[in-house]
Amino acid sequence: MFRALFRRNCILNKGADSTMHAYRSHTCNDLRKENVGDTVKLSGWVHRKRDHGGVLFIDLRDNYGFTQLVLDTDSKAFDTAEALRSESVITIDGRVKARSDETVNKDLPTGDIEVFVDAIEIQSAAQELPLPVFGETEYPEDIRLKYRFLDLRRDRLHKNILLRSNVIASLRRRMIDQGFTEFQTPILTASSPEGARDFLVPARQHPGKFYALPQAPQQFKQLIMVSGFDRYFQIAPCFRDEDARADRSPGEFYQLDMEMSFVTQEDVFNAIEPVIAGVFREFSDKKIDGGAFPRIPFAESMMKYGNDKPDLRNPLIIQDVTEHFRGSGFGIFASMIENGAVVRAIPAPGAGAKSRKFFDGTNDWAKKEGFAGLGYIKITDGEAGGPIAKNLGEERTQAIIDQLGLGDNDGVFFACDKEAGAAKLAGVARTKVGEDLGLIPDDEFKFCWIVDYPMFEYDEDNKKIDFSHNPFSMPQGGMEALENEDPLSILAYQYDIVCNGIELSSGAIRNHRPDIMIKAFGIAGYSEEVVEEEFGGMLNAFKYGAPPHGGIAPGVDRIVMLLANEPNIREVILFPMNQRAEDLMMQAPSEVSPKQLRELHIRTVEPPKKDGE
RNA sequence: GCGGGUGUAGCUCAGUUGGUUAGAGUAUCGGCCUGUCACGCCGAGGGUCGCGGGUUCGAGCCCCGUCACUCGCGCCA
């Protein structure tokens, strides 16, 4: 496909005679048997050189592929070629020759031919490389980031970035085909009190005031709906000043942001599911279930998987076994239950055949992760063993085994804590046990929707009710629910797409009613004045005729990461920052001149020294 | 902010119980080589063992601190 595109340009640019172009008549992936005898001009990088004294081979590389160049002492360019260093950029004139049967390279599309070089022009000589382009070796990330342009020449990263481009093109096409329209929204906007930390930009014309980079075009896309555009999408840059993770780049990332008017949750699902499933089918060979993504209510996900981003490739299901421990001889759990704790069981099929070290090791791992620890029962040839089984007694142990359907050589781990803590520990233990027992297949994508998120949650730190996710979501039951129900039991029309344990996107049916919005914010402790002040732009818009609307925003980087089978999001971003949000190649962030600061009415204050000194 | 891992030649790594002059591959430079596609052969240069301190007759190795990178926690409407 690329070649076809490139050729079209080439023909436009170079006219009838193919040797007229200044740099190339063909790319490094073009020449075949049929070209034998042709006079050609090629340009590219010296990928690899093999010098046999009287004969010299050069693998010439460009974006499209490789062509083997050959020179012998008959060539006037021989001495120049011999002195070339890897990664130098050259243009050559030569003649296409057939390779003999023994010397054909079946691994190369151009492997039937080679080009005998008559003349070489060095376009750009390369210094000794800090990072070799040839080969698959791993290199320290700071060097890779500093010399990103070299790293990007390497096969794997180069392919990832091209994949990313193709994925984005496919997403755009799929959205446009469904009647969505792409719009751009501002990059310099207002700071919003909710959500992550903002990146701020000082406003020169307004001393003491700041723009913020958008954490997402959330309010703008809702305003686009209010403006009557019906179906919006954008490959939208989003900026959040939060610390990095393997699947979270610091600073900035991209979403396939979309919003629709006059829709229910079902309509959003029906619009986005084929886009996501389609793009995964288009760009991956991994197995993908047909049909609709399963829908899992938030509460069920927390119970069965211990989090709201379950990896459904993992067959293990967590169960509540609190009642079997209540008032039992296993005193630690029994007394914790009296104080409001619950017990969650994580089955470990086949683990009973493993040594005690497996169970103790998993317990040690949990402690290292900062949890109280994991209890366990180990069943060997039908005999339940371990400290818990001993203290719990035969009857209760058997009841647990029956409930979980455990076999003669299985195991089970127990997480005991207050509900949220137990769910969390059980969730990470489920993943750990699944991985250790080799239960997670690597050759499939398992999608699901997480639905029915709670609208509010109790904020332990501030001892108040707060929004649990997006404050702009419509509460299920609307105004009536807000007025009559326990806020903590109210659900929202809020949903996530999860794939293989990675949160791919979240979305919601929005609250387009000013009265319901003010009521919802009131429950979370924000006065009408505060809402007017902070969200006035959007709230005001809702007073002049706002359509019911909703949308979602799948994360583009994470989609590409899954499709490229990369464990790290930086492998699918052209120029990522490191974990400390520095661009080691461009040297950002950087100091600025006093003049720039003066213009912005900014004075910097050094943080206090650690040691006093 | 906190916890784990890593840090030895440009790069990838080895380095035994603390013991003589810290090694290999690759890259670089020089020499040889007419069919390779990780070409091969011979040779050379290349080291603040991340940094600082300590223990010891003696530290790449042990201890303390610190820095860098990374993974996780916190954070992420």
Side-chain angles (χ1 to χ4, degrees), chain A residues 47-60 66-75 78 82-83 85-87 97 99-108 110-111 114 126-147 150 191-198 214-216 218-219 238-251 253 365 367-371 424 428 453 455-457 461 466-473 492 494 503 506-508 510 521 524 526 534-535 553 555 567-568 570 578-580 582 584 610-611:
Chain A
H47 187 65
R48 196 86 175 143
K49 215 175 71 184
R50 290 174 296 281
D51 187 349
H52 292 240
V55 63
L56 170 63
F57 301 98
I58 293 172
D59 294 333
L60 192 68
F66 299 91
T67 299
Q68 174 163 286
L69 309 180
V70 60
L71 299 91
D72 62 24
T73 42
D74 293 342
S75 171
F78 189 82
E82 221 174 8
R85 201 176 273 160
S86 286
E87 295 309 307
K97 292 188 162 180
R99 297 205 203 181
S100 67
D101 288 346
E102 319 85 79
T103 60
V104 162
N105 185 344
K106 290 190 174 60
D107 298 330
L108 280 184
T110 61
E114 60 193 0
Q127 292 183 12
E128 188 178 346
L129 301 170
L131 172 79
V133 172
F134 174 82
E136 296 282 316
T137 325
E138 302 269 359
Y139 294 92
E141 191 138 19
D142 42 350
I143 291 172
R144 293 181 56 199
L145 291 174
K146 183 172 176 189
Y147 299 98
L150 287 178
S191 179
S192 149
E194 292 293 318
R197 198 178 292 117
D198 283 319
Q215 296 188 20
Q218 179 64 40
Q219 294 190 57
C238 304
F239 306 90
R240 296 176 192 177
D241 186 4
E242 294 298 332
D243 289 343
R245 291 286 184 277
D247 64 353
R248 200 168 79 200
S249 65
F253 61 97
W365 162 84
K367 286 178 175 167
K368 226 176 89 181
E369 292 287 305
F371 295 99
K424 190 174 175 187
V428 292
Y453 276 83
M455 185 78 197
F456 301 100
E457 65 187 12
D461 291 341
D466 205 348
F467 292 107
S468 65
H469 286 83
N470 186 331
F472 306 122
S473 301
Q494 164 108 31
E503 184 192 318
S506 69
R510 320 298 172 185
F521 272 91
Y526 300 90
E534 301 289 0
F535 305 106
N568 191 300
R570 291 184 297 276
N578 68 6
Q579 197 168 49
R580 292 179 53 193
E582 297 165 315
L584 297 176
K610 257 188 201 165
D611 271 314

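In what follows, every chain begins at residue 1, and chains take the letters A, B, ... in the order their sequences are listed.
- A/D142 is not listed as a side-chain neighbour of A/N578, based on a closest heavy-atom distance of 4.5 Å or more.
- In the set B/C76, B/C29, B/C69, B/C76 carries the atom at the smallest distance from any side-chain atom of A/R240.
- Taking atom C1' on both nucleotides, B/U21 is separated from B/C29 by 24 Å, rounded to a whole Å.
- Distances shorter than 4.0 Å separate none of the side-chain N or O atoms of A/K146 from OP1 or OP2 on B/A68.
- Taking atom C1' in both B/U6 and B/G43, one finds a spacing of 35 Å when rounded to whole Å.
- For B/U12, the base has no donor-acceptor partner in the side chain of A/E138 [N/O atoms by modelled type, under 3.5 angstrom].
- Taking the side chain as every heavy atom from C-beta outward, A/K49 and A/F57 never approach each other to under 4.5 Å.
- Taking 4.0 angstrom as the limit, A/R245 places none of its side-chain polar atoms (N or O) nearer than this to OP1 or OP2 of B/U70.
- Figure legend. B/U66 is base-paired to B/G50; pairs are counted as Watson-Crick or G-U wobble with both atom distances under 3.5 Å.
- Between A/R50 and A/D59, at least one side-chain N (NZ, or NE/NH1/NH2) sits under 4.0 Å from a carboxylate O, which counts as a salt bridge.
- One can place CG of A/L129 at 11 Å from P of B/C29, the figure rounded to the nearest angstrom.
- Side-chain nitrogen and oxygen atoms of A/R48 include none within less than 4.0 Å of the OP1 or OP2 phosphate oxygen of B/U26.
- Neither OP1 nor OP2 of B/U36 sits under 4.0 Å from any side-chain N or O of A/R50.
- Taking atom P in both B/C37 and B/C73, one finds a spacing of 47 Å when rounded to whole Å.
- Listed candidates were B/C37, B/G1, B/C39. Nearest to the side chain of A/D243 is B/G1.
- Nucleotide B/G19 is matched to B/C57 when pairs are restricted to Watson-Crick or G-U wobble geometry with both distances under 3.5 angstrom.
- For A/Q579, taking side-chain heavy atoms from C-beta onward, the closest of the listed nucleotides B/C71, B/C33, B/C76 is B/C71.
- Summarising the base pairing, B/G72 is matched to B/C2 through a Watson-Crick or G-U wobble pair whose two defining distances lie under 3.5 Å.
- For the C1' atoms, the distance linking B/G60 with B/G15 amounts to 8 Å, nearest Å.
- Candidate nucleotides B/C76, B/C11, B/C69 were compared by shortest atom distance to the side chain of A/R580, and B/C69 ranks first.
- Side-chain atoms of A/Q68 lie closest to B/G35 of the nucleotides B/U28, B/G35, B/U12.
- Residue-to-nucleotide contacts include a donor-acceptor pair under 3.5 Å from the side chain of A/E114 to the base of B/G35.
- Between B/C37 and A/N105, no contact under 4.0 Å exists linking OP1 or OP2 to a side-chain N or O.
- Of the nucleotides present, none pairs with B/A27 by Watson-Crick or G-U wobble criteria with both distances under 3.5 Å.
- Within the 4.5 Å cutoff, the side chain of A/R510 has heavy atoms near those of the A/Q218 side chain.
- Residues A/R248 and A/F253 fail the side-chain proximity criterion, which asks for heavy atoms closer than 4.5 Å.
- Looking at A/R99, its side chain comes within 3.5 Å of the base of B/C37 through a donor and an acceptor atom.
- Among the nucleotides B/A27, B/U70, B/C11, the one closest to the side chain of A/E128 is B/A27.
- At least one side-chain heavy atom of A/T137 sits less than 4.5 Å from a side-chain heavy atom of A/Y139.
- Nearest nucleotide to the A/H52 side chain, out of B/G35, B/U12, B/C29: B/G35.
- Considering only side-chain N and O atoms, A/N578 lies nowhere under 4.0 angstrom from the phosphate OP1 or OP2 of B/A68.
- Distances from the side chain of A/N568 to the nucleotides B/C76, B/C71, B/G35 place B/C71 closest.
- In this structure, A/L108 places its CG atom 12 Å from P of B/C37, rounding to the nearest Å.
- Using P as the reference atom, B/G25 and B/G58 are 35 Å apart when rounded to the nearest Å.
- For the C1' atoms, the distance linking B/G7 with B/U12 amounts to 14 Å, nearest Å.
- Taking 4.5 Å as the limit, some side-chain heavy atom of A/R99 sits within range of a side-chain heavy atom of A/N105.
- A distance of about 42 Å separates the C1' atoms of B/C32 and B/G19, rounded to the whole Å.
- With both pairing distances under 3.5 Å, B/G45 is matched to nothing as a Watson-Crick or G-U wobble pair.
- For the C1' atoms, the distance linking B/U36 with B/C41 amounts to 15 Å, nearest Å.
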